[in-house]
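Side chains included, hydrogens not; waters and symmetry mates left out as well; all remaining heavy atoms used. All residue numbers refer to positions in the sequence shown, counting from 1.
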Amino acid sequence: MRGKEGKHENMIRKKSFYRLGGLLLALVLVLSGMAGCGAEKQQEDIVILYTNDVHCAVDTDIGYAGLAAYKDWVEEKTPYVALVDCGDALQGDTIGAVSQGEYLVDIMNQVGYDFAVLGNHEFDYGMEQLASLLEKAEAQYLGCNIRYTGTGDSAVSSLKPYEIVSYGDTDVAFVGVSTPESIAKSTPSYFMDESGGFVYDFYGGSGEELYARVQETVDECREEGADYVIALAHLGDDEASKPFRSTDLIAGTTGIDAVLDGHSHSVLPCDVVENKEGDKVLLSSTGTGLANIGQMVITADGNLAAGLIGDFPDRNTETDSFVKGIQNQYEAELEQVVAHTDVSLTTVAESGIRLIRNRETNLGDFCADAYRAIAGADIAFANGGGIRADIEAGDITYGDIIAVHPYGNTLCVAEATGQEILDALEMASRSTMAETGDGENAVGENGGFLQVSGLKYTIDTSVPSTVEVDEAGMFVSCGESRRVKDVQVLQKDGSYAPIDPEETYTLASHNYLIKQGGDGLNMFMDNSLTMNEGMLDYQALITYITDHLGGTVGSDYAQPQGRITVK
């Protein structure tokens, strides 16, 4: 095989299990006809290629042109090939933001995806646009646990819970499962009707409710004669996602042969997890950004093998040209220089560990300051999960700014009490830990972690969080014991004074947080607005530099400014 494979793989026979270390030798042998299968059996092998959390990385690492070339190569070995995506493909970079996901659907159509599931970020462009994207997609989107209870047209009416494909005399069922975290981790108001009630849900009232819905779907697939059931999931394996992790789903169900997963950006060449009855189930996830291609093989003699392809040198020239053509449509505008920075504005530590979701950073300060300055507010919040890229020292282009804020949210200002501000800080800091990382990976991350302007405060990580959330991950209450302490508000003379829980302050942020309860921060959704969806968030950054900083980000932003202390 021309590609460089992942580190290990597992194989499952219908009634037995064994592990192979080292390279993905079995996949190489299966596809080359050397695994004990003659030429006739080789033609019956079924190969499922999978991606997840591509996040608009159309031409980095393997890229879509490399994926298309690898798909072509596999199709030379066996006629039974499926290409599937496990969510979060349409959002994450400027090519998605500029086109509201349409360029990505065009590229996925070109590559030839067969099935896909909705990640939480597929909802980021709103339900009307999602319906348009689903109509445009040639892949069949699957979702067995997405429910609409409204009275109008559903944006996800084209979803199917599953589809069974016959590969020769073998029937394979593909079942779609989207994370119930989508409500809090996308835009909560998108899932509501005009009265503010939720009309979309993900069977997320409890883990048991999700497992029961998936089990019902799996049983239906088996009753229809499926020989194998493959779950295409966007659940992840992060501890914070419990009880909606892929491992939880496997442990709570029976009848699934493999789960191909996304959401947590985990690199899982192939794990084996026991289901409710103790049977072995394959679990695999490719990471993010097309750094790997996932490959699962159902062999002619009843084995399942899964692993990752970490490199492939070839490129499909037609797909490569197609991607370049789309990039040319928007890159001219993105390359326009709009400002300058003397310092690098970053989301990470010098070690490379991501900080934006658990610590103050200079880029977080800059974004929050931009909101507060443009809006003329007392306080500003910028959620760490909405700050997506660094800005290197030097000229700043339009594309650089959009990469920081790719979602196209709009500036809002709400009147908020000091108590609501305190509750928001407590909610946002509930996962923060004393350490920022375990040597390689960030710990205690929360996309709702708040970068702030006009405030300073301390997070005492020795105090366990007493925040309570509902089944959708929305804030409910907080106990008397709080980990956020010594909260002070910036005064007009430059001094700080303790926040007054009874006082009303003006709070600047964007519609995602203030109006839509993003990241579960729902305490401002019913508040009076003094600015209702004004300037786009990335335009606010540009305007702040040009109109308030004289066109240049200076040395004041060389380091975080000491607004958030973690102890």
Side-chain angles (χ1 to χ4, degrees), residues 6-7 49-64 67 84-93 96 104 116-124 177-182 184-186 231-242 244-249 259-271 273 282-295 306-311 347-349 351-358 383-390 403 406-407 431 436-449 473 519:
K7 292 183 178 179
L49 304 178
Y50 49 98
T51 58
N52 59 272
D53 299 283
V54 176
H55 284 296
C56 299
V58 299
D59 62 354
T60 56
D61 294 313
I62 295 174
Y64 279 117
L67 172 62
V84 303
D85 183 78
C86 295
D88 281 4
L90 309 185
Q91 172 276 352
D93 207 343
L104 280 305
V117 296
L118 295 173
N120 50 294
H121 286 298
E122 260 73 53
F123 297 97
D124 283 351
V177 187
S178 294
T179 177
E181 294 184 318
S182 294
K185 291 194 171 182
S186 182
L232 309 181
H234 193 82
L235 297 173
D237 62 355
D238 285 343
E239 181 68 22
S241 296
K242 185 179 181 179
F244 303 126
R245 299 169 299 180
S246 50
T247 49
D248 299 322
L249 176 69
V259 175
L260 310 179
D261 197 21
H263 190 41
S264 58
H265 297 191
S266 301
V267 179
L268 302 175
C270 190
D271 282 357
V273 181
L282 292 182
L283 172 63
S284 183
S285 182
T286 72
T288 186
L290 285 174
N292 300 293
I293 301 170
Q295 177 169 281
L308 305 181
I309 309 303
D311 189 22
T347 61
V348 302
S351 63
I353 292 177
R354 184 165 65 181
L355 294 182
I356 196 72
R357 301 182 186 207
N358 64 13
N383 61 313
I387 301 173
R388 307 296 290 191
D390 297 345
Y407 305 137
S431 301
T436 59
D438 62 5
E440 295 182 358
N441 301 311
V443 295
E445 287 194 311
N446 178 0
F449 184 85
D519 295 304

Quick check against the 3.5 Å criterion: does Asp390 have a side-chain atom that pairs as donor or acceptor with the backbone of Thr347?
yes
Decide whether His234 and Asp261 meet the rule of one side-chain donor and one side-chain acceptor closer than 3.5 Å.
no
Between Gly236 and Ser264 the two heavy atoms that sit nearest each other are CA-OG, 3.3 Å
Please confirm whether the backbone N or O of Leu283 pairs with a side-chain atom of Asp271, one donor and one acceptor, at under 3.5 Å?
no
Shortest non-hydrogen contact between Thr179 and Leu235, atoms and distance
CA-CD2, 3.7 Å
Using a 3.5 Å distance criterion without hydrogens, assess whether the side chain of Glu122 forms a donor-acceptor pair with backbone atoms of Asp88.
yes
With Asp59 via salt bridge (Lys or Arg N to Asp or Glu O under 4.0 Å) - residues at least two apart
none
From Ile62, Val84, Leu290, residue fulfilling side-chain contact (heavy atoms from CB on, under 4.5 Å) relative to Thr51:
Leu290
Report yes or no: does Asn52 contribute a side-chain atom to a donor-acceptor pair with the main-chain N or O of Leu260 at less than 3.5 Å?
no
Check whether any side-chain heavy atom of Thr286 sits under 4.5 Å from a side-chain heavy atom of Val267, and report yes or no.
no
Looking at Asn446 and Gly448, would you say the former's side chain and the latter's main chain have a donor-acceptor pair under 3.5 Å?
yes
Do Ser284 and Tyr50 have a side chain donor and acceptor closer than 3.5 Å?
yes
Could you grab the distance from atom OG1 of Thr60 to atom NE2 of His55, nearest 0.5 Å is fine?
12.0 Å
Does the side chain of Asp237 come under 3.5 Å of the side chain of Thr247 through a donor N or O and an acceptor N or O?
no
Which pair of heavy atoms, one from His263 and one from Asp53, lies closest together, and at what distance?
N-OD2, 2.8 Å
Which pair of heavy atoms, one from Leu232 and one from Val117, lies closest together, and at what distance?
O-CG1, 3.2 Å
Quick one: list whatever passes side chain to side chain contact (heavy atoms under 4.5 Å, CB included) with Tyr407, sequence neighbours left out.
Gln91, His121, Asp124, Arg388, Asn409
To the nearest 0.5 Å, how far apart are CG in Leu90 and SG in Cys56?
7.0 Å
Start with the C-alpha distance between Tyr64 and Val54, add both sets of side-chain angles, then the distance that settles side chain to side chain contact (heavy atoms under 4.5 Å, CB included), and finish with yes or no.
CA-CA 10 Å; Tyr64 279 117; Val54 176; 3.4 Å; yes
Atom of Ser178, atom of Leu118 and distance for their closest heavy-atom approach
OG-O, 2.7 Å
Test item: Asp238 side-chain N/O and Ser241 main-chain N/O as donor-acceptor pair under 3.5 Å
no
Hey, could you give me the NE2/OG distance between His265 and Ser285, rounded to the nearest 0.5 Å?
8.5 Å
Which heavy atom of Gly386 sits nearest to which heavy atom of Pro406, and what is that distance?
O-CD, 4.4 Å
What's the separation between atom CG in Asp61 and atom CG in Leu67, rounded to the nearest 0.5 Å?
12.5 Å
Is Glu181 close to Asn120 at the side-chain level, that is, under 4.5 Å between some pair of heavy atoms?
no
